[in-house]
Amino acid sequence: MLNLVIFGAPGSGKGTQSERLISEYGLLHISTGDVLRDHIKRGTELGVTARQYIDKGQLVPDGLIIDILAQVLDDNKERACEGVIFDGFPRTIPQAQALERLLGERGTKVHAVVGLEVDEQELIDRLVKRGKESGRSDDNEATIRKRLEVYHNQTSPLREFYQERGLYKAIHGVGTIDDIFADIKRALAAIEA
Ligand code: AP5
Ligand code: MG
C-alpha cells in the first residue's frame, strides 16, 4: 500500500503526473480541486460556497475541505485501502495535521510527498495557455497570480513540514511529462519495496 501526496504550485503538473501514477501503482486519485469543481457543476450548496473562493484564487476554509476529504475516504473505503494519491491536499499546516490524523485513524500514513518544483514564469505560461482552452474559471491572469501568492504564503511551508518528517522528494518539474514521471518513479523506488 502506498499513500502519496503530490505537491506543488498551481500548474506544476500535479494532475498530469497523477494520471501516470494512478496507472502505474493502481492508486485511488483524490483531487480536492476536482471534487470542488464537480460540486460547482452539480450546483450543490457546497459548490456555491466553494465557487466564491475558487474564483478569487483563495483557499476554501480548512474545516470545510477536511470534512470533504474525510467523506471521500469513507465513500471509497475499499479502494483507499489499496493506496491513495492526494492531489491538491494538504494545502495548509492544519490540513497536513488533519491528514496525519485521518490516515492514523485508518491504521495508515503518508509514505511520500512528491514535490514538483517549477519556476514561476513557467507556471504562469502553462496556466495562461490552458486558460485559453479549458474554461476553468480560475485560469485567467489575475486569478493565476493570486493562486501563486496564496501558494507561497499558505502552502509552501508544507515543504519544510514534510522535509522534517523525511517524506519530501523534490522533483524538477520542467521538461517532458515522460522524463518527469521517470524521475518520480526513481524517487519512489526506494519506498516501494
Ligand atoms: P486545484 O484544482 O488543486 O488547482 P491548482 O493547485 O491551482 O493546480 P492546477 O490543477 O491548476 O495545476 P496542476 O498542478 O494540477 O497542474 P496540471 O497537471 O493541471 O485547486 C483549485 C482551487 O480549488 C484552489 O485555488 C482552491 O480555491 C480550491 N482548493 C482545492 N484544494 C483545496 C484545498 N486542499 N484547500 C483549500 N482549497 C482548495 O498542469 C497544468 C497545465 O500544464 C496543463 O495544461 C498541463 O497540460 C500542462 N503541463 C503539465 N505538465 C507539463 C510539462 N511537463 N510541460 C509543459 N506543460 C505541462
Ligand atoms: Mg490539478
Side-chain angles (χ1 to χ4, degrees), residues 4-22 29-41 46-73 84-99 102 110 113-159 161 171-184:
L4 297 179
V5 170
I6 189 142
F7 181 79
S12 58
K14 300 184 295 293
T16 304
Q17 295 297 333
S18 289
E19 282 178 29
R20 300 292 178 98
L21 287 160
I22 300 158
H29 182 212
I30 303 180
S31 155
T32 42
D34 287 349
V35 172
L36 295 172
R37 282 184 290 275
D38 182 58
H39 275 276
I40 291 174
K41 209 163 75 189
L46 173 63
V48 172
T49 306
R51 175 149 213 164
Q52 294 165 10
Y53 295 94
I54 291 180
D55 284 357
K56 290 189 203 130
Q58 295 169 346
L59 296 183
V60 170
D62 284 338
L64 204 60
I65 205 88
I66 291 164
D67 285 350
I68 293 171
L69 190 89
Q71 189 65 53
V72 175
L73 284 175
V84 179
I85 178 155
F86 297 93
D87 165 358
F89 184 97
R91 265 177 146 95
T92 62
I93 300 280
Q95 290 183 23
Q97 289 164 337
L99 184 61
L102 288 169
V110 170
V113 176
V114 173
L116 296 171
E117 306 198 338
V118 177
D119 61 272
E120 185 116 349
Q121 192 54 52
E122 170 78 12
L123 295 170
I124 294 170
D125 291 348
R126 286 184 190 177
L127 293 176
V128 167
K129 184 172 168 218
R130 186 179 65 187
K132 291 183 181 138
E133 307 137 19
S134 72
R136 243 178 81 161
S137 61
D138 55 351
D139 276 349
N140 59 77
E141 193 146 354
T143 312
I144 290 166
R145 288 195 186 275
K146 181 67 191 170
R147 283 157 67 197
L148 291 172
E149 183 192 319
V150 166
Y151 171 78
H152 289 300
N153 293 335
Q154 300 186 52
T155 305
S156 65
L158 287 177
R159 190 176 189 273
F161 178 94
I171 301 290
H172 181 57
V174 182
T176 70
I177 292 167
D178 284 346
D179 285 348
I180 296 165
F181 183 58
D183 282 348
I184 295 176

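Note that these values count all heavy atoms, side chains included, but never hydrogens, waters or copies made by symmetry. In each ligand, atom 1 is the first atom listed, and ligand 1 is the first ligand listed.
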(message) Quick test of your reading of the structure: of Gln58, Lys146, Glu133, Arg126, whose heavy atom lies closest to atom 56 (N) of ligand 1?
(response)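 Answer by nearest heavy atom: Arg126.
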(message) Heavy atoms only: which of Lys14, Arg91, Arg147 lies closest to atom 30 (C) of ligand 1?
(response) Arg91
So, regarding [X] and ligand 1 (criterion: nitrogen or oxygen to nitrogen or oxygen, under 3.5 Å), is there a contact or not?
X      : answer
Pro90  : no
Thr32  : yes
Gly88  : yes
Phe89  : no
Arg130 : yes
Leu36  : no

For ligand 1, does [X] get within less than 4.0 Å through its side chain, its backbone, both, or neither, judged by non-hydrogen atoms?
X      : value
Ile180 : side chain
Ala9   : backbone
Asp139 : neither
Lys129 : neither
Ile65  : side chain

Below 4.5 Å, heavy atoms only, C-beta onward: do [X] and [Y] meet side chain to side chain?
X      : Y      : answer
Leu36  : Ile65  : yes
Ile6   : Leu116 : yes
Phe181 : Leu21  : yes
Leu158 : Ile93  : yes
Lys146 : Lys56  : no
Asp34  : His29  : yes
Pro10  : Leu148 : yes
Leu73  : Ile30  : yes

(request) Would you sort out whether Leu69 and Val35 count as a side chain to side chain contact (heavy atoms under 4.5 Å, CB included), showing the intermediate values? (result) CA-CA 9 Å; Leu69 190 89; Val35 172; over 6 Å; no
Heavy-atom contacts with [X] under 4.0 Å: which atoms of ligand 1 show up? List them by number with element.
X     : answer
Gly15 : 13 (P), 15 (O), 18 (O)
Gly13 : 13 (P), 14 (O), 16 (O), 17 (P), 18 (O), 39 (O)
Thr16 : 17 (P), 18 (O), 39 (O), 45 (C), 49 (C)

In terms of side-chain geometry, is the basic nitrogen of [X] or [Y] positioned less than 4.0 Å from the acidic oxygen of its partner?
X      : Y      : value
Lys14  : Asp87  : no
Arg145 : Glu149 : no
Asp139 : Arg147 : yes

Which residue owns the protein heavy atom closest to [atom], what's the atom, and how far is it?
atom                    : answer
atom 12 (O) of ligand 1 : Gly11 N, 3.0 Å
atom 4 (O) of ligand 1  : Arg136 NH2, 3.2 Å
atom 35 (N) of ligand 1 : Gln95 NE2, 2.9 Å
atom 37 (N) of ligand 1 : Val60 N, 3.1 Å
atom 22 (C) of ligand 1 : Ile54 CG1, 3.9 Å

(request) Please assess Gln121 against Asp125 for the test side chain to side chain donor-acceptor pair (under 3.5 Å), listing each intermediate value before the final yes or no. (result) CA-CA 6 Å; Gln121 192 54 52; Asp125 291 348; 3.0 Å; yes
Could you tell me if any non-hydrogen atom of [X] lies under 4.0 Å from any atom of ligand 1?
X      : result
Ser12  : yes
Arg37  : yes
Gly175 : yes
Leu127 : yes
Ser31  : no

(request) Start with the C-alpha distance between Val114 and Gln17, add both sets of side-chain angles, then the distance that settles side chain to side chain contact (heavy atoms under 4.5 Å, CB included), and finish with yes or no. (result) CA-CA 10 Å; Val114 173; Gln17 295 297 333; over 6 Å; no
(request) Could you please spell out the steps behind the side chain to side chain contact (heavy atoms under 4.5 Å, CB included) verdict for Val118 and Arg126? (result) CA-CA 11 Å; Val118 177; Arg126 286 184 190 177; 4.2 Å; yes
